[in-house]
Peer 1: 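To start, I am sharing the structure in question, which I have written as structure tokens.
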Amino acid sequence: MGVDLSFLVRSLAEQATPEPETGRLRLPTERELVTSLEVSRGTLREQLSMLEMLGFLDRTQGRGSYLGAPDATFFQLYFDLSSQLGHLSGKQFRSAREMLEISVAEASARLATADDVDDLRGLVDDMVRASSEGDDDRALEADLEFHRRLFHIVDNPIFSLLHDGLSHVLRTEVIDRRRAAVEREPLTEGKTRVIDTVHYGIVEAVGERDGEGARTAMRRHFDVWASLTGTG
């Protein structure tokens with residue numbers, strides 16, 4: 001089925017017509033596709049339904065069918081199912097995320113603008129401030145947004161799709177890890193938490209256009225979290 005669908009997508013792309021006003025790839029009618037692909041209507045509908053479910057096809061009654069690329073939902077579903085079925089472990093997801101984010105930190109050091117660096121620093125400031133005020137939910141969201149922003153700076157859709165998929169499957173674990181880290185690092189008056197301030201090292205390296213320094217700072221970030229939560 002996978003090979004059949006791959007061949008089908010290539011064949012559909014060859015027959016699709018870009019709409020002048022939108023650029024969307026509109027497909028011929030089912031009748032025309034049955035003839036050109038030399039398949040039965042039942043087989044065609046089954047395969048088109050599969051493509052629609054995977055996010056490669058958008059069918060709207062009265063408007064037609066259009067080819068497209070799936071969004072992060074495709075990867076989120078794949079990672080979810082792989083996790084639930086035991087094909088991929090939490091350790092594998094964590095390892096993949098760390099390797100990906102270390103590479104992205106390095107790339108961000110080459111690509112970030114001064115405004116990007118200011119935004120990153122502002123997110124860490126908000127993270128630290130939220131923690132000091134006991135607002136762990138806001139600190140968590142600032143933390144997640146900090147990492148999303150690095151991927152935005154790199155602006156590679158492949159990395160962004162992988163990030164969204166990994167972040168989705170690891171979100172509950174990230175929440176639990178932050179809760180565990182907060183419990184193990186009680187906040188006293190006038191102090192800050194290293195799980196928050198460790199992000200400043202990444203910001204400084206990115207601001208200095210130091211790719212290797214950004215890799216090292218991101219790796220230290222993960223080491224700090226592992227030491228506080230007992231996970232690797």
Side-chain angles (χ1 to χ4, degrees), residues 1-85 87-88 92-108 110-113 116 119 144-172 174:
M1 179 64 74
V3 174
D4 290 342
L5 288 178
S6 178
F7 175 77
L8 177 62
V9 169
R10 289 197 299 271
S11 300
L12 293 176
E14 291 172 357
Q15 299 182 54
T17 303
E19 286 190 337
E21 61 275 16
T22 65
R24 299 180 70 195
L25 296 176
R26 184 186 179 97
L27 294 180
T29 64
E30 278 192 6
R31 183 188 300 274
E32 292 171 313
L33 288 174
V34 164
T35 300
S36 64
L37 297 174
E38 298 181 345
V39 296
S40 69
R41 186 177 292 269
T43 296
L44 176 65
R45 286 181 173 176
E46 178 184 348
Q47 293 189 325
L48 290 181
S49 293
M50 181 68 72
L51 290 179
E52 184 177 22
M53 183 182 70
L54 294 175
F56 289 94
L57 186 69
D58 177 24
R59 293 194 285 185
T60 305
Q61 186 68 31
R63 295 184 57 193
S65 299
Y66 298 84
L67 279 181
D71 58 19
T73 303
F74 176 83
F75 289 91
Q76 292 170 359
L77 176 61
Y78 174 79
F79 288 151
D80 264 340
L81 290 176
S82 296
S83 176
Q84 292 173 29
L85 295 174
H87 296 317
L88 294 174
Q92 289 172 321
F93 282 119
R94 289 193 298 273
S95 177
R97 179 200 171 199
E98 290 179 17
M99 286 189 284
L100 183 62
E101 295 220 17
I102 287 170
S103 296
V104 165
E106 179 183 15
S108 295
R110 298 195 308 269
L111 300 170
T113 65
D116 289 329
D119 287 344
L144 295 175
E145 181 57 29
F146 176 88
H147 291 274
R148 278 194 294 264
R149 194 65 58 89
L150 289 172
F151 281 80
H152 177 75
I153 291 169
V154 172
D155 194 25
N156 184 318
I158 298 174
F159 279 11
S160 296
L161 286 169
L162 288 173
H163 169 262
D164 289 346
L166 290 169
S167 296
H168 170 75
V169 77
L170 288 172
R171 182 177 176 87
T172 299
V174 168

Peer 1: Going from CG on L67 to CG on L12, what distance comes out if it is rounded to the nearest 0.5 angstrom?
Peer 2: 5.5 Å
Peer 1: Quick one: closest heavy-atom pair of L161 and A72, and the distance?
Peer 2: CD2-N, 3.6 Å
Peer 1: Does any N or O in the side chain of R26 come within less than 3.5 Å of the main-chain N or O of R63, such that one atom is a donor and the other an acceptor?
Peer 2: yes
Peer 1: Report the C-alpha separation of R10 and E14 in whole Å, then their side-chain angles, then the decisive distance to 0.1 Å, and conclude whether the salt bridge (charged side-chain N to carboxylate O under 4.0 Å, His left out) test is met.
Peer 2: CA-CA 6 Å; R10 289 197 299 271; E14 291 172 357; over 6 Å; no
Peer 1: From R41 CZ over to T35 OG1, what is the distance, rounded to the nearest 0.5 angstrom?
Peer 2: 8.5 Å
Peer 1: Test S83 against L88 for side-chain contact (heavy atoms from CB on, under 4.5 Å), laying out the working first.
Peer 2: CA-CA 5 Å; S83 176; L88 294 174; 5.7 Å; no
Peer 1: Taking all non-hydrogen atoms of both residues into account, name the closest pair between S65 and R59 and its distance.
Peer 2: OG-CG, 3.1 Å
Peer 1: Please report the closest heavy-atom contact between F79 and V169, naming both atoms and the distance.
Peer 2: O-CG2, 3.9 Å
Peer 1: With a 6.0 Å cut-off (strictly less than), is the heavy-atom count around OH of Y66, excluding the residue itself, greater than 12?
Peer 2: yes
Peer 1: Taking side-chain contact (heavy atoms from CB on, under 4.5 Å) as the criterion, tell me which of T17, L57, D58 meets it with L27.
Peer 2: L57
Peer 1: How long is the gap from OG on S160 to CZ on F75, to the nearest 0.5 Å?
Peer 2: 11.0 Å
Peer 1: Using 0.5 Å steps for rounding, measure from the CG atom of D116 to the OG1 atom of T113.
Peer 2: 3.0 Å
Peer 1: Please round to the nearest 0.5 Å and tell me the distance separating atom OG1 of T43 and atom CG of L37.
Peer 2: 11.0 Å
Peer 1: I need the minimum non-hydrogen distance between V39 and L44, along with the two atoms involved.
Peer 2: CG2-CB, 3.9 Å
Peer 1: Could you walk me through whether S167 and R97 satisfy the side chain to side chain donor-acceptor pair (under 3.5 Å) test, starting with their C-alpha distance in whole Å, then the side-chain angles of each, then the deciding distance to 0.1 Å, before giving a yes or no?
Peer 2: CA-CA 8 Å; S167 296; R97 179 200 171 199; 5.8 Å; no
Peer 1: Any heavy-atom pair between the side chains of P70 and L54 that's under 4.5 Å?
Peer 2: no
Peer 1: For I158, look at atom CD1 and say whether over 12 heavy atoms of other residues, nucleotides or ligands are found less than 6.0 Å away.
Peer 2: no
Peer 1: Between L144 and R171, is a side-chain contact (heavy atoms from CB on, under 4.5 Å) present by the stated rule, with each step listed?
Peer 2: CA-CA 9 Å; L144 295 175; R171 182 177 176 87; 3.0 Å; yes
Peer 1: Give, for atom CG of D155 and atom CG of L111, the distance between the pair rounded to the nearest 0.5 Å.
Peer 2: 9.0 Å
Peer 1: Taking all atoms of both residues into account, what is the closest heavy-atom pair of L25 and P18, and its distance?
Peer 2: CD2-CG, 3.9 Å
